[in-house]
Amino acid sequence: MAETERTIQAIAVSPGVAIGRILRVDRSGRDVEIRRIAEAEVPDELARLKVAIDLTRRQLTRLRDDVRDKLRSADAEIFDAHLLLLEDKMLLGDVEKRISRDLLCAKSALHGSADHFAKVFEGMADEYLRERAVDLRDVVVRIADNLTPEKAVQANNTGDRRIIIANTLTPSETVRLDKKRVLGFAVVTGSATSHTAILARSMQIPAIVGIPAELLETLGATDRIIVDGYSGKLIINPDDRTEEAYQTKIRSTGKLIEELAGERDLLPVTRDGFEVELAVNLESAEQYEDACKAGAHGVGLFRTEFLFMDRLHIPDEEEQFQIYKKLLIAAGDAPVTIRTMDVGGDKFNDTIYQSVENNPFLGLRGIRLALYERRDLFDIQIRALLRAGVYGNLRVMLPMVSSIREILYSKRIIAELQQKLEAEGKEHVKRLTLGIMVETPAAAMMADNIADLVDFFSIGTNDLVQYTMAIDRGNERVAYLYQPSHPAILRLIRNVVEAARARNIYVCVCGQMASEAIFAPLLLGLGVAELSLAPSALAAVRRVIRSISLHEAETAAEKALRCSHSGETIDIFHELLTRRAPEIAGFLD
Ligand code: PEP
Ligand code: MG
């Protein structure tokens, strides 16, 4: 008998509808299937194993030191024993052999070796040695945990594309998802502005977050689901009528998307003749070609940390130089705004920096990490940018700035690197266009002082909302407080715009707020003339801009600045959108 249909309301984070069967991605390695790999995959699999072992070593060392500080040193010895296992040549040699000779994936190989050696221990007469079997299994599960789940996606050999159900997907796992195998995802943790959600949007994978954790236990591979990335609904075992209704929705949305795509060459000009700059946010340089097809004018934010995250080695100066140069040449005269690496928060590459912080979003992130922990990487990146800058219209911006000192220090480093490049006779940009992300309340409040030091501001509303509202942007439990139209945010944006105007520098908004059709008129009305969007949002935002006048946007924004709740502002702009672009407003209902 068919299961009855059930609907669960979660949080929509990436538009689109996915209908299909489930692929449960379990990072704990408990559902280990024996998976064979192709010979060509062996080096990759060995590298992945090495990363997981290095990470495990760091975790165990930290655990041991913590236990030693807080408990007794005798307790810490357990972890010393675990650390020794990580150096055990016989064990690791056996795992590697299973990968390279037997062509098993790292997880299968690990469990195979663990079973083999644990049995040897378990057969021993000495009780102490028998207990080593427990240690062995413990360490192996830990290493397996540190293998990333995207391989589970690749392990799906069923031939059909599936919808991932998981507790969490990290940004570095998301960026590696293979769209040929993944229809969408529904996860427990996260929010609309978590980097996982940002990537899902830019990869155009329908996604929802905030599903109940119990579903991970109860849903199975035979269940069919619908992930509605517009409304946030998860429908389990939909009946024929529901599925048909969704197929109709997919068709009508597709029609509108096609119609909007036909407007790619139309200028983003308001009815009263005000032209808005519409640039795009990129997570990889390769996305630019598609963004251009969608009518983008330049790049407003290139999140370069993703250059470091989806690979095992860190790109050196030459490799980065080539990437930036190619992008700048492709963009011609259009500005290309490249943000220096914003590692930290929820974006980690364990090779660069492994967070040991309780609150990574409030820790060593962005410019802080670059200046005080990984100066070597910052210098390499700045050199690559300075050299590439001669090939186009480069703007460089610094993430997570919260003090003037960080800007002055960065400028000093840039000047020193320019001198070095000069001495080496290498062609480079002599006058770098430098700006900052305004994404901390401190930077927004200090905008007038900062405006004297930089060429532009780019408002990062994802973080500005996070830090102003004191909510972790990745925490689904406080996602209801993620309110870009909160009066506090509007006042901060206004403050930044006024400071920029007074010093005659330009200001852009590149946070998710700029990609939301309802907020485009609000930002225009607040005085922002440049928006940088997820490429998938370009068409709808362009249609909205062309449907309204700057004058009405300004009047509505003035009204919004006097509101005391974000809901009132939403009402004002929802009314404007419904009146001027009802087809786009329909998406929001
Ligand atoms: C932001 O904070 O708004 C932003 C654009 O940067 P990121 O989302 O990468 O933190
Ligand atoms: Mg940010």
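We count ligands from 1, going down the list as the structure has it; atoms in each ligand are counted the same way.
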Protein heavy-atom partner closest to [atom] - residue, atom, separation in Å:
atom	value
atom 7 (P) of ligand 1	His195 NE2, 3.1 Å
atom 5 (C) of ligand 1	Arg303 NH2, 3.5 Å
atom 6 (O) of ligand 1	Arg339 NH1, 2.9 Å

Going by an N to O cut-off under 4.0 Å, is there a salt bridge joining [X] and [Y]?
X	Y	answer
Glu373	Arg368	no
Glu530	Arg395	yes
Glu568	Lys559	no
Glu263	Arg546	no
Arg494	Glu558	yes

Heavy-atom pairs closer than 4.0 Å: do any link ligand 1 to the side chain of [X], the backbone, both, or neither?
X	result
Ile198	side chain
Met513	neither
Glu283	neither
Leu301	side chain

Q) Can you tell me the N, O or S atom of Asp463 that's nearest the Mg ion (ligand 2)? A)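 This turns out to be OD2.
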Q) Based purely on interatomic distance, does Glu305 place a nitrogen or oxygen under 3.5 Å from a nitrogen or oxygen of ligand 1? A)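 In this structure, Glu305 places no N or O atom under 3.5 Å from an N or O of ligand 1.
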Q: Kindly determine whether Glu318 and Lys325 satisfy salt bridge (Lys or Arg N to Asp or Glu O under 4.0 Å), including the steps that lead there.
A: CA-CA 10 Å; Glu318 194 53 34; Lys325 174 179 163 185; over 6 Å; no
Q) Does some non-hydrogen atom of Gln512 fall short of 4.0 Å from ligand 1? A)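 No, that is not the case, since the closest heavy atom of the residue is not under 4.0 Å from the ligand.
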Q. Would you call Met437 a ligand 1 contact, heavy-atom distance under 4.0 Å?
A.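 A heavy atom of Met437 does come that close to ligand 1.
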Q: Using a strict cut-off of 4.0 Å, indicate which atoms of ligand 1 neighbour a heavy atom of Asp463.
A: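 Answer, ordered by atom number: 1 (C), 2 (O), 3 (O), 10 (O).
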Q.
Within ligand 1, which atoms have a heavy atom of Arg365 less than 4.0 Å away?
A.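 Counting atoms of ligand 1 from 1, those under 4.0 Å from Arg365 are 10 (O).
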Q: Could you tell me whether the side chain of Asn359 and the main chain of Phe361 form a donor-acceptor pair under 3.5 Å?
A: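 No, Asn359 side chain to Phe361 backbone: no donor-acceptor pair under 3.5 Å.
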Q: Just say parallel, tilted or perpendicular for the rings of Phe302 and Tyr324, cut-offs at 30° and 60°.
A: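 Correct class here is perpendicular.
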